[in-house]
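Heavy atoms only: backbone and side chains are in, while hydrogens, waters and symmetry mates are out.
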Amino acid sequence: MVLESATESAHGLERAGDGEAGAPGSLPVAGLPETRALKAGFNEYLLAAVILLTLVTVALGIGVYLLPGDYLQIPELQPAVRVARQSDFPVGASRVVSWGARIVLVVRAGDREYSALQGTSPIDGCILDWDAVSLRVVSPCSYVVYDLHGNVVRGLTTVPLQRFAVFERQGAVYVTEL
């Protein structure tokens, strides 16, 4: 008797696992298939985010590969260097431009008159200054004074400054070799 009730309860548990109607722990069957509500959990969101990130990365990589990049520009090998926009360079002002290992002092003396000279003193290597009042280029270290053509006006040297050509193109001022 005890043995029969134990086997019946074991068979009832097996039937409950089979999903039979009336078994303890089974769902009632009403003739419709069992539908479960699909809910996205953390793992599904994580997988979707990883897939989306991978697609965006691949698209960006393809875009960077297909778009042309800037060309390598070595200052020493460039035929000219851009100084400034013409509108940002008022009459009487000066700019010091680095062109590779060279330093160039560019002075705007008039509306369309520019002078470009070696920007360092040949005597001591100091960076030259533009004196707008006297219209001269001055070395602050050795007090040598040059005119706008690079010739020595006053000082203990006779070595003139190297000159450069200046031109305008599309509203910008450029310096190049003579």
**Request:** Just do the side-chain contact (heavy atoms from CB on, under 4.5 Å) check on Val81 and Val97 with the steps written out, would you?
**Result:** CA-CA 8 Å; Val81 63; Val97 180; 3.9 Å; yes
**Prompt:** Can you name the closest pair of heavy atoms from Asp147 and Val153 and give their distance?
**Reply:** N-CG2, 3.6 Å
**Asked** Closest heavy-atom contact between Val106 and Phe89?
**Response** O-CZ, 3.6 Å
**Interatomic spacing from OG1 in Thr57 to CG in Leu52 - rounded to 0.5 Å** = 9.0 Å
**Request:** Return yes if some donor-acceptor pair links the side-chain N/O of Thr176 with the main-chain N/O of Pro79 below 3.5 Å, else return no.
**Result:** yes
**Request:** Drop me the distance from Gln86's CD to Asp111's CG, to the nearest 0.5 angstrom.
**Result:** 7.0 Å
**Message:** Any heavy-atom pair between the side chains of Glu168 and Tyr114 that's under 4.5 Å?
**Reply:** yes
**Message:** Using a 6.0 Å cut-off, check whether atom CZ of Phe167 has over 12 heavy atoms from anything other than its own residue.
**Reply:** yes
**Prompt:** Between Leu105 and Val83, is there a shared hydrophobic cluster once you connect ILVMFWY residues whose side-chain heavy atoms come closer than 4.5 Å?
**Reply:** no
**Request:** Examine Val96 and Val107 and state if one hydrophobic cluster contains both, with Ile, Leu, Val, Met, Phe, Trp and Tyr joined whenever side-chain heavy atoms are less than 4.5 Å apart.
**Result:** yes
**Message:** When you group the ILVMFWY residues by side-chain heavy-atom contacts below 4.5 Å and let the links chain together, are Val175 and Val173 in the same group?
**Reply:** yes
**Asked** Hey, what else clusters with Leu53 if you join Ile, Leu, Val, Met, Phe, Trp, Tyr whenever side-chain heavy atoms sit under 4.5 Å?
**Response** none
**Request:** Would you give the length of the straight line joining atom CG of Leu161 to atom CG of Leu148, rounded to the nearest 0.5 angstrom?
**Result:** 10.5 Å
**Item:** Non-hydrogen side-chain atoms of Val104 and Leu117 separated by less than 4.5 Å
**Value:** no
**Prompt:** What are the two closest heavy atoms between Asp124 and Cys141, and how far apart are they?
**Reply:** OD2-CB, 3.0 Å
**Prompt:** How far apart are the closest heavy atoms of Ser121 and Tyr146, and which atoms are they?
**Reply:** OG-OH, 4.2 Å
**Prompt:** How about Ser142 and Ser139: does a side-chain donor come under 3.5 Å of a side-chain acceptor?
**Reply:** yes
**Message:** Once rounded to the nearest 0.5 Å, what's the spacing between atom OG of Ser94 and atom CZ of Arg108?
**Reply:** 13.0 Å
**Complete:** Taken to the nearest 0.5 Å, the spacing of Leu128 CG from Gln118 CD works out to 7.5 Å
**Asked** Under a 4.5 Å cut-off applied to non-hydrogen side-chain atoms, are Val144 and Leu156 in contact?
**Response** no
**Request:** Mind listing the closest non-hydrogen atom pair of Asp88 and Pro90 along with its distance?
**Result:** O-CD, 3.4 Å
**Message:** If you compare all heavy atoms of Trp130 against all heavy atoms of Val137, which two are closest, and at what distance to 0.1 Å?
**Reply:** CE3-CG2, 4.0 Å
**Message:** Let me confirm one number: the CD1-OH distance from Ile123 to Tyr143, rounded to the nearest 0.5 Å.
**Reply:** 13.0 Å
**Message:** Membership question, hydrophobic clusters at under 4.5 Å side-chain separation (ILVMFWY): are Tyr65 and Val58 in the same one?
**Reply:** yes
**Request:** Evaluate whether atom CG of Leu46 has more than 12 neighbouring non-hydrogen atoms of other residues, nucleotides or ligands under 6.0 angstrom away.
**Result:** yes
